[in-house]
Amino acid sequence: MKLSDIERHDTDILILGTGGAGLFAALHAQQTAPEGTKITIAVKGLIGKCGCTRMVQGGYNVALGGGDTVERHFMDTIEGGKWLPDQDMAWRLCEQAVVRIRELENEVGCYFDRNPDGSLHQKAFAGQTADRTVHKGDLTGIEIINRLMEKVLASGVEKLQEHRAVGLIPTKDGSALAGVLMIDMRTGKFRLVRAKCVMMGTGGGPTMYKYHTPSGDKTMDGLAMALRAGLPLRDMEMVQFHPTGLLAGDHTRMTGTVLEEGLRGAGGQLISHAGQRFMFDYDGKGERATRDVVSRGIYAEMRKNNNPEQEGVFISMSHLGPDTVRARFPGMVKRCADSGFDLVADKVEVVPTAHYFMGGVVVDIDTRTAMEGLYVAGEDAGGAHGSNRLGGNGVANSTVYGGIAGDVMGRDVAGMSLREPDETVLEAEFARAIYPLTRTPDLVLPLRKKLQDLMWEEVGVIRTEAGMKRGLRGIAEVSDVLMDVGVDDSNLAFNLTWHDWLNLRSLCDVSKVIAQAGIMRENSRGAHYREDFPDDGGIENSEFTVARMVGETVEVTNEPVVFSVVKPGETILPEGEPETLVAAQ
Amino acid sequence: MTSETLNVTIDRGAAGLQDYAVPAYDNQTVLDVVSWVQQNADPTLSYRFACRVGMCGSCAMMVNGVPRWTCRTHISKVLDGNAVTIGPLRNLPVIKDLAVDMDPFFDKWVAAEGVHHGAMTRDDPIASLGDDHPEQSGADFGRECINCSICYAACDTVAGNPNYLGPAALQRAWNLLNDAKDEGRMAILEAVSGTGGCHNCHSMGSCTTYCPNELDPMSAIAGLKRETAKSFFKRGR
Amino acid sequence: MLTLRLYMLQRITALFMAPLVIGHLAVMIYAIQGGLSAAEILGRTQGSFAWFVFYGVFVLAVAIHGAIGMRTILHEWGGLRGPWIDLTMWLIGLGLFALGARAVWAVTFSGGSI
Amino acid sequence: MSAHGITSRAHPLWLAYILHRLSGLALALFLPLHFLLLGQALRGEAALDQSLAFSDMFLVKIAEFGLVFLLAVHMFGGLRLMAMEFLPWSPSQKTLAAGATATSFLIAVLFFMKAI
Ligand SMILES: Cc1cc2nc3c(=O)[nH]c(=O)nc-3n(C[C@H](O)[C@H](O)[C@H](O)COP(=O)(O)OP(=O)(O)OC[C@H]3O[C@@H](n4cnc5c(N)ncnc54)[C@H](O)[C@@H]3O)c2cc1C
Ligand code: HEM
Ligand code: SF4
Ligand code: F3S
Ligand code: FES
C-alpha cells in the first residue's frame with residue numbers, strides 16, 4: 001500500500017464517534033450551521049450501535065426541582081470529584097443538563113419513566129444528595145441512543161460507518177487541524193477526510209485493564225491521537241472502577257461486564273473467599289458505600305486470598321428471597337442466567353472492573369481545544385468530573401457537551417475554510433497504521449492480555465510508586481514486542497486482527513500516560529488511591545495533572561485547580577439548606 | 001476443563017464452510033467461540049460485536065440455522081453434540097464472513113417513520129404523562145428494542161419481499177403511534193400502508209418467537225393493521 | 001407488495017366467503033350421501049335465482065381473493081417483480097372469474113343444455 | 001445451509017402460516033379444474049354425470065377429501081388470522097391456531113366418513 005492510495009474526501013463538519021457526544025453534535029450542528037453545510041459522521045462501528053452511551057443503565061443526572069437545584073447538583077459534582085473538577089465545566093454541565101433533558105424528551109422523543117402524577121421519576125445514586133437521576137428502567141442508554149440514532153439517520157448527514165480514525169493531521173505550522181486519517185474497515189482502504197471543524201467524541205474507554213466494562217470498540221484511540229498531535233491531556237491518572245464486574249474466566253468477553261449498582265443498594269451482600277461479609281470492615285455504609293470505597297474493599301480482600309482458583313469475591317442476593325430478586329432485577333437475572341449463573345439462588349463471583357475514564361483532552365467550556373478546528377466532547381474531554389465521576393453524570397456530560405460542540409462548530413464553520421494537511425505527518429500516521437502489515441504475522445491477543453494483567457496489578461485500584469514504575473517498564477516491554485508482531489495482509493477487508501493491533505497500540509500509549517500521571521500524583525483522591533500516600537494532599541492546594549508529548553517523551557506537570565465558583569470549605573447552597581434531601585435507606 | 005473440543009463450522013461466503021476445532025471452556029458464549037477462532041486460529045475471520053452484554057444489537061448471527069444474539073447465547077444452549085454451525089445473519093447483504101451490512105434494516109426503520117415527530121422544543125416543560133394518560137400505555141410497547149435485526153432475519157416475508165419494512169421498523173412505528181407526544185400519526189399511517197407496509201405481514205410470528213428481548217413485533221404489526229383498517233373506512237380509500 | 005387497499009379487499013372477500021364456504025360444505029356433505037349425480041345437483045340449482053346469487057358472489061369473491069393471494073405467493077416465492085406482479089394478478093383474477101362464471105351459469109340458468 | 005438460512009421455524013404460528021399458504025395455493029390451483037368440471041353442465045347432464053362418475057373412484061374420493069380438508073383448513077386459518085389481527089390480541093392465539101386446525105380436520109374427517 002502506498003501513500004498515494006489514500007482516498008481524499010472533503011466535508012465541512014466532521015464528527016468522530018456516535019455516542020451521546022457524537023450524535024448530539026450532529027443534531028446541533030445541523031441546527032446552527034448555515035444552510036448547505038456538509039456534515040459527516042464517522043464511526044468505528046455502526047451509527048448508534050457502539051460506544052458506551054448505549055450501555056448506560058442507571059440514568060441521567062439532572063436537577064429538576066422538587067427541592068433539588070442546579071447549585072446542589074454542582075456541589076455534589078465538586079465534592080464527588082474531590083475538588084479537582086474544572087468548576088466552570090462542572091457548572092455548565094449541571095446547568096445545561098436541564099435543557100438537554102427537555103430536549104431529549106420534547107425534540108428527540110425519549111420517554112423516561114414517570115411518577116404516578118405524570119412528572120419524571122428521579123432516584124438517587126450513591127454520592128448524591130437529591131433524587132436526581134432520570135431513567136428508563138435500567139436500560140436508559142438504549143432509549144437515549146436509539147432515539148438520537150433515528151434522528152441522525154433520518155437527517156441525511158453523510159455516514160462513514162466502520163471508519164476508524166487513526167490520526168489527526170494538522171496543518172504544516174501545526175496550529176490548526178486539517179483533517180483526520182481513517183481506515184475504511186470494510187475495505188481496508190485509507191481515507192483522509194478534511195474538514196473545517198472536527199469534533200472528537202471517541203469516548204475514552206479504559207479497556208487496558210484485565211476487567212473492564214466499556215464496549216469492545218473503545219480503546220482510547222482518541223486520546224492516543226490527541227497525544228500524538230501534541231495536545232495537553234489532564235487527570236490521566238483517574239480511572240473509575242465499578243465494584244461489581246462479572247468474573248467468568250479468561251475465555252469469555254462477559255468477564256468484567258457490570259452487575260448493576262442497584263444490587264448492592266437493594267441489600268446485596270459481598271462475601272469473601274472465606275465466606276464472610278467484609279465491607280463493614282472498610283466502611284460504615286457497608287456494601288452501600290460509594291464505588292471507589294467498595295472497589296478498594298473488594299480489591300483489598302482479594303489480595304488476602306491466594307487461591308488461584310477463586311480470584312474475586314461473591315455477591316449474594318438469595319437472602320432477599322427468589323421472588324424479590326426476580327421481580328426487582330429481571331434484566332440482571334436473565335443476563336446472568338444466559339451466561340450460566342444463577343443470581344437468584346446462588347452467589348455470583350465479582351471483581352472491580354474499569355468503567356470510566358475521567359481524564360481527557362484539555363478543553364474550554366465551549367469544547368474548543370488548543371488546536372484550531374478541533375473540538376472534543378464526552379468521555380474524551382477531561383475536566384468536568386475531576387477525580388471521580390458521579391453515577392449519572394457521564395451521559396449528562398456527553399450529551400450536554402456534544403450538543404455544545406455542535407452549536408459552536410455550526411457557528412464557527414462559517415468563518416473557517418479547508419486547510420492543507422502536513423503531508424509529512426500524514427505519511428507518518430499512514431506508516432504507523434500499516435506498520436504491522438510489514439512484519440511476520442503473530443498473535444496479538446497474548447500481548448493484550450499481558451498489558452491488561454499489568455495494568456490491573458500495578459496501575460489499578462490500589463497503587464504505589466514502585467508498582468507503577470514496574471507497570472511502566474512492563475508497558476514499554478509490551479510496546480516493544482508489539483512492534484515485532486505482524487498482521488497477515490492478504491485481505492485487509494474487515495480485518496479485525498489488524499484493528500486489534502491498532503487498538504493495543506492506542507492502549508499501550510495511553511497506559512503509559514496513566515502510569516506516569518499516577519506516579520506524579522502523590523496523594524489519594526477519588527479514584528486514584530496511593531497506598532504510599534493515602535491522604536488527600538490538602539484540598540485547598542488541589543492540583544491536577546497535565547500530560548503532553550514533547551518530542552518522543554510524555555511530560556507530566558501539575559497545575560493548580562482554579563476555584564472559580566466555590567472554594568473548599570464553602571458552599572453555594574443557600575444557608576440552612578439540609579445536607580441531603582435523600583431519605584436514609 | 002479444556003479437554004473437550006468443539007467442532008465449529010463457519011460459513012465464510014465465497015470461501016465456503018470452514019471447520020475449526022475450538023477448545024471448550026466454562027462460561028463460553030457463541031461470540032467467545034467466534035472470537036477464539038479469530039484470535040487464535042484464523043486472524044482473517046470477520047465478525048461484529050460491541051457491547052458484549054446484549055445492549056447494542058450488533059453481534060447477531062445464524063447459529064445452527066437460528067438467528068441469535070451471540071454475546072448472550074451460552075454455547076451449551078446451541079451445541080448439537082459438540083458441533084455448532086455459525087453463519088452471517090440472514091436477509092442482509094454480507095460484507096465479509098459473519099459481518100453483514102445493516103443499512104437496509106435502518107433505512108427501513110426511517111422509511112417506516114420510525115423517528116419522533118414533535119412540535120415541542122427544549123423551551124417547553126416536559127409533558128406530564130402518567131396514570132391519567134391511559135392512551136400512553138402503548139408507548140412503551142417494544143421500546144427496549146436493540147435493533148439487532150434478529151426478527152428481520154427470522155421473517156420469511158422479508159426474505160421473499162425485499163420491500164417489506166420488517167418487524168422491528170413496524171414495531172417502532174406502532175410505538176410512536178401510541179406515544180401521546182408524537183404528532184406524526186398521518187405520516188406514520190401513510191408510511192406503513194405503502195407497498196412495503198404492515199399489510200405484507202402474514203403473522204407468522206417468527207419475529208416474536210426469536211426476539212432475544214422477548215418483544216412482540218407481531219402484535220405491534222397487528223395493531224398497525226387495525227389502525228390502518230380503521231382509517232381505510234374513515235377516509236373511504 | 002400488499003398495499004392497504006389490496007389487503008382490505010383480500011380480507012373483505014375472505015369474510016364474505018366464510019359463510020358461503022360453510023354453506024357450500026354443508027350442501028356437499030348432504031349431497032354426497034348416497035352418491036352424487038348430476039340430476040341431483042342440477043335439480044337443486046337449475047333456475048334458482050338464489051343459488052345464482054349464492055355462487056355468483058362466491059365466484060366473484062374467490063376470483064378477487066385468490067388473485068391477490070397468488071400475487072403475494074408469486075412475489076415472495078416466485079421472485080416475480082415489477083409490473084409483472086399486477087399483470088399476473090389480473091390474469092389470474094379474470095381467468096378464475098371467467099371459469100367460475102361459466103360454471104355458475106351452467107349449473108343455474110343454462111337450462112341443462114344450450 | 002444451516003449456516004446461512006433459517007432452518008428451525010417449527011413454532012405453532014409459523015406452521016399455521018405455512019399451512020394456510022399451502023392450502024390457499026392448492027385451492028387456487030384446484031379451483032379452475034373444479035370450475036371446468038361444473039362447466040361440463042353446459043354440455044348436458046350426461047356429460048356431467050360422466051365426469052361425476054369418477055368421483056366414485058377411491059382416488060377421486062381421496063382427492064376430494066383433500067379439497068374439502070384444504071378449504072376447511074384455509075378458512076379456519078384465515079378466520080384465525082383475521083381474529084388475531086382485528087380483535088385485540090391475546091397470547092392464547094397459539095391455542096386458537098391449533099384449535100382451528102383441529103376443528104377443520106374434524107370436519108374433513110366427518111365428510112370423509114360420510115362419503116364412504
Ligand atoms: C456499562 C456502562 C454503564 C454506564 N452507566 C452509566 C449511567 O448509568 N449513567 C451515566 O451517566 N453514565 C454511565 N456510563 C458512562 C457513559 O456511558 C459515558 O460516560 C458516556 O456515554 C460517554 O459518551 P461518549 O459519547 O463520550 O462516548 P461513547 O458513547 O462511548 O461513544 C464513543 C464512540 O466513538 C467511537 N470510536 C471509538 N474510537 C474510534 C475511532 N478510532 N474512530 C472512530 N470512532 C471511534 C465508538 O465506536 C463510539 O461510537 C456507563 C458506562 C458503561 C460502560
Ligand atoms: C372462507 C374462505 C376463506 C377465507 C376466510 C380466507 C382467508 C384468507 C386470508 C385471511 C388470507 C391472507 C393470508 C395472509 O395474508 O397471510 C388468505 C390468503 C389466501 N387465500 Fe384465502 N380464504 C378463503 C378462501 C380461499 C379460497 C377459496 C381460495 C382459493 C383460491 C383462497 C386462496 C388464497 C390464497 C392463494 C391466499 C394467499 C396465501 C398467502 O399469502 O399465504 N382462499 N385467505
Ligand atoms: S424487536 Fe427484538 S429481535 Fe427485533 S430488532 Fe428489536 S430487539 Fe431485535
Ligand atoms: S415474522 Fe414476519 S410475517 Fe409478520 S409476524 Fe413477524 S413480521
Ligand atoms: S455485542 Fe452488543 S448485543 Fe451482542
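Chain identifiers are assigned alphabetically (A, B, ...) following the order of the sequence lines, protein sequences preceding nucleic acid strands; residue numbering begins at 1 within each chain.
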Return yes if some donor-acceptor pair links the side-chain N/O of [X] with the main-chain N/O of [Y] below 3.5 Å, else return no.
X	Y	value
B:Lys181	A:Asn106	no
B:Asn27	A:Ala248	yes
B:Arg52	A:Met254	no
B:Lys96	A:Phe494	no
A:Ser215	B:Cys51	no
A:Lys49	B:Gly57	yes
A:Arg102	B:Arg122	yes
A:Asn146	B:Ile146	no

Need one label for [X]: side chain, backbone, both or neither, based on atoms under 4.5 Å from any heavy atom in chain B.
X	answer
A:Val134	neither
A:Val108	backbone
A:Lys44	neither
A:Pro214	backbone
A:Val444	neither
A:Phe112	neither
A:Leu46	side chain
A:Thr187	neither
A:Cys52	neither
A:Lys159	side chain
A:Ile142	side chain
A:Arg54	both
A:Ser339	backbone

When rounded to the nearest 0.5 angstrom, what is the spacing between [atom1] in [X] and [atom2] in [Y]?
X	Y	atom1	atom2	value
B:Ser128	A:Leu120	OG	CG	9.5 Å
A:Asp500	B:Gln39	CG	CD	6.0 Å
B:Ser46	A:Arg186	OG	CZ	12.0 Å
A:Arg114	B:Leu129	CZ	CG	4.5 Å
A:Glu143	B:Cys145	CD	SG	11.0 Å
B:Ser35	A:His251	OG	NE2	13.0 Å

Choice from [options] maximising heavy atom contacts with chain B below 4.5 Å:
options	result
A:Arg100, A:His212, A:Lys218	A:His212
A:Val487, A:Thr213, A:Asp250	A:Thr213
A:Gln161, A:Arg448, A:Lys334	A:Lys334

- Query: Are A:Arg335 and B:Met55 close enough, and set up right, to give a side chain to side chain contact (heavy atoms under 4.5 Å, CB included), and what steps lead you there?
  - Reply: CA-CA 11 Å; A:Arg335 192 191 288 179; B:Met55 291 180 102; 3.9 Å; yes
Report the option among [options] that has the most heavy-atom pairs separated by less than 4.5 Å from atoms of chain A.
options	answer
B:Asn147, B:Leu45, B:Thr44	B:Asn147
B:His116, B:Gln28, B:His74, B:Lys77	B:His116
B:Gly54, B:Gly118, B:Ala127	B:Ala127
B:Val53, B:Thr29, B:Val110, B:Leu31	B:Val53

- Step by step, work out the side chain to side chain contact (heavy atoms under 4.5 Å, CB included) result for A:Glu150 and B:Phe106. CA-CA 8 Å; A:Glu150 295 163 1; B:Phe106 286 103; over 6 Å; no
Give, as side chain, backbone, both or neither, the part of [X] having an atom under 4.5 angstrom from any heavy atom of chain A.
X	answer
B:Asp103	side chain
B:Val115	both
B:Asn40	both
B:Glu214	side chain

- Between the side chains of B:Thr121 and A:Glu107, does any donor sit under 3.5 Å from an acceptor?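 Not at all, the side chains of B:Thr121 and A:Glu107 share no donor-acceptor pair under 3.5 Å.
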- SB check A:Lys136 B:Glu144 (cutoff 4.0 Å):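 The answer is no: the pair does not qualify as a salt bridge.
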- Does a salt bridge link A:Glu162 with B:Arg48, judged by any charged N lying under 4.0 Å from a carboxylate O?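 Between B:Arg48 and A:Glu162 there is a salt bridge, with a charged N closer than 4.0 Å to a carboxylate O.
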- Task: Would you sort out whether A:Asp338 and B:Trp69 count as a side chain to side chain contact (heavy atoms under 4.5 Å, CB included), showing the intermediate values?
- Result: CA-CA 11 Å; A:Asp338 285 351; B:Trp69 53 2; 3.9 Å; yes
- Heavy-atom side-chain contact between A:Leu496 and B:Tyr47 under 4.5 Å: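 When only atoms from C-beta onward are counted, B:Tyr47 and A:Leu496 do touch, with a gap below 4.5 Å.
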- Item | Intermediate values then yes/no, side chain to side chain contact (heavy atoms under 4.5 Å, CB included), A:Asp217 and B:Phe49 | CA-CA 8 Å; A:Asp217 48 302; B:Phe49 80 100; over 6 Å; no
